[in-house]
Amino acid sequence: VSGDPNNGGGGAREIRSYEVSFNKRHKEKALKEYLPFIVATAKAIKDQERSLSIYMNERYDEWSPIGLQHPSTFDTLAMDHKQKQSIVDDLNRFIKRKDYYRRIGKAWKRGYLLYGPPGTGKSSLIAAIANHLRFDIYDLELTGVDSNSDLRRLLVGMTNRSILVVEDIDCTIELKQREEEDEEQSKSSSTEKKKAEDKVTLSGLLNFVDGLWSTSGEERILIFTTNYKERLDPALLRPGRMDMHIHMGYCTTEAFRILANNYHSIDYHVTYPEIEALIEEVTVTPAEVAEVLMRNDNTDVALHDLVELLKLKKKDAIEIEGKQAEEKKDANEIKTQSMQVDEKKIVDEIKTESVQVEKKDDKKVVVKNDFTENGSG
Ligand SMILES: Nc1ncnc2c1ncn2[C@@H]1O[C@H](COP(=O)(O)OP(=O)(O)OP(=O)(O)O)[C@@H](O)[C@H]1O
């Protein structure tokens with residue numbers, strides 16, 4: 001194997017070539033198996049070494065990149081191991097399926113919807129996916145995009161092997177159904193109509209992502225995040241739109257152990273039984289746990305602080321529960337009282353009615369008597 005120093009010079013990029021010799025009888029194997037293997041391995045190494053970037057749309061139709069140095073990986077991610085494995089498997093399957101996507105005539109892209117409360121690791125999961133695949137991230141801030149045409153320009157300007165992220169999709173875009181948009185447009189003047197047509201909408205984004213964009217590039221991942229799945233437009237939740245819905249939940253005992261291992265490199269500590277019992281009882285986000293564990297380098301102190309935080313949360317939860325129970329009791333009492341009042345009213349009304357009927361009956365009797373009297377008289 002030899003390097004080639006004659007490569008143009010003058011500050012140009014060095015191009016190196018290698019010479020590999022084989023025995024003639026191995027020619028077939030070398031050309032069909034060995035060289036393709038070398039090329040694929042070299043590409044994988046290059047991809048692995050390539051530094052990643054995160055692009056943001058600071059100007060309305062332009063991306064600006066900065067280096068992505070987020071340390072999150074699937075190993076450091078605190079989540080249920082089965083769920084984690086199913087995401088990794090899905091990503092690995094997706095990457096290997098170039099021919100499959102071509103064969104079935106579908107664009108080589110995959111969509112993930114991440115949902116769950118703030119601080120449960122949605123951003124950390126996105127970084128872990130980027131680090132796992134060695135894909136750049138395009139973090140699309142929709143509120144900074146003025147029109148659908150700018151949005152298209154941005155999307156077309158993305159490279160292959162990249163992840164398009166739209167965070168807090170429930171807040172950043174007017175969630176309107178297509179029919180509503182059409183109805184509104186038919187009411188307005190022609191200039192207003194043109195403007196409205198070009199306004200960034202969820203359907204505009206989804207149409208473009210499903211249509212032109214996905215056929216103009218390859219190996220694209222699309223990730224939407226939300227803290228409130230129930231607020232999302234049904235168009236986004238339709239089967240086939242987002243391939244996988246991933247719930248990011250509160251801290252579990254399993255997640256806690258991963259975090260403790262990340263921050264203090266430990267597998268066990270005497271405080272674990274107490275911490276784990278408390279974690280089962282309270283709602284605490286992985287971000288809150290991570291913050292306490294990170295605050296102190298001394299493991300004993302950090303774990304003690306965590307016990308204190310969890311106890312405090314438990315106390316608050318008991319107080320809130322007590323208050324809610326009292327409020328419920330008060331509400332029930334008011335309900336019972338008003339029911340009693342209602343019942344009394346109904347009884348009074350029935351009484352009044354029956355008195356009226358009786359009076360009427362009396363009258364009838366009187367009339368009857370009169371009649372009888374008259375009749376007999
Ligand atoms: N599941 C997790 N695994 C590992 N670290 C986590 C996890 N969840 C939260 N963290 C820690 O908490 C910090 C904040 O979490 P992150 O930003 O990923 O949450 P998020 O769900 O994206 O929140 P938001 O909805 O507010 O953007 C992270 O930098 C990380 O240190």
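All heavy atoms count here, side chains included; hydrogens, waters and symmetry mates do not. Counting convention: from 1, in listed order, for ligands and their atoms alike.
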Run the numbers on Tyr272 and Phe256 for ring-ring contact (aromatic ring centres under 6.0 Å, His included), then give the verdict.
CA-CA 9 Å; Tyr272 273 23; Phe256 155 68; 5.0 Å; yes
Using a plain distance cutoff, I'd like to know if Asp168 has any nitrogen or oxygen under 3.5 Å from a nitrogen or oxygen of ligand 1.
no
Does ligand 1 have any atom sitting under 4.0 Å from a heavy atom of Leu259?
yes
Tell me whether Gly121 has any N or O atom under 3.5 angstrom from an N or O of ligand 1.
yes
In the protein, what heavy atom is nearest to atom 28 (C) of ligand 1, and what distance, to one decimal place, separates them?
Ser124 OG, 3.7 Å
Can you list the steps and then say if Gln83 with Ser86 is a side chain to side chain donor-acceptor pair (under 3.5 Å)?
CA-CA 5 Å; Gln83 192 186 20; Ser86 74; over 6 Å; no
Check contact between Ile126 and ligand 1, using heavy atoms of the residue and a distance below 4.0 angstrom.
no
Can you confirm, on distance only, whether ligand 1 has an N/O atom lying under 3.5 Å from any N/O atom belonging to Leu77?
no
What residue and heavy atom of the protein are closest to atom 31 (O) of ligand 1, and at what distance?
Tyr263 OH, 3.4 Å
Would you give the length of the straight line joining atom CG of Leu113 to atom NZ of Lys229, rounded to the nearest 0.5 angstrom?
6.5 Å
Is Tyr250 in contact with ligand 1, taking contact as a heavy-atom separation below 4.0 Å?
no
Do any nitrogen or oxygen atoms of Asn262 come within less than 3.5 Å of a nitrogen or oxygen of ligand 1?
no
Short side-chain donor-acceptor distance under 3.5 Å, Tyr138 and Asn57:
no
Considering residues, nucleotides and ligands other than Gln69, do more than 12 of their heavy atoms fall under 6.0 Å from its CD?
no
Quick one: look up the protein heavy atom nearest atom 14 (C) of ligand 1 and list residue, atom name and how far away it is.
Ala287 CB, 3.9 Å
Does an N or O anywhere in Glu167 fall below 3.5 Å from an N or O of ligand 1?
no
Are a donor atom and an acceptor atom from the side chains of Asp300 and His269 found within less than 3.5 Å of each other?
yes
Taking every heavy atom of Phe135 against every heavy atom of Glu219, the minimum-distance pair comes out as CE2-O, 3.4 Å
Check the pair Glu274, Lys311 against salt bridge (Lys or Arg N to Asp or Glu O under 4.0 Å), reporting the backbone distance first and the verdict last.
CA-CA 10 Å; Glu274 188 177 11; Lys311 277 185 180 166; 3.6 Å; yes
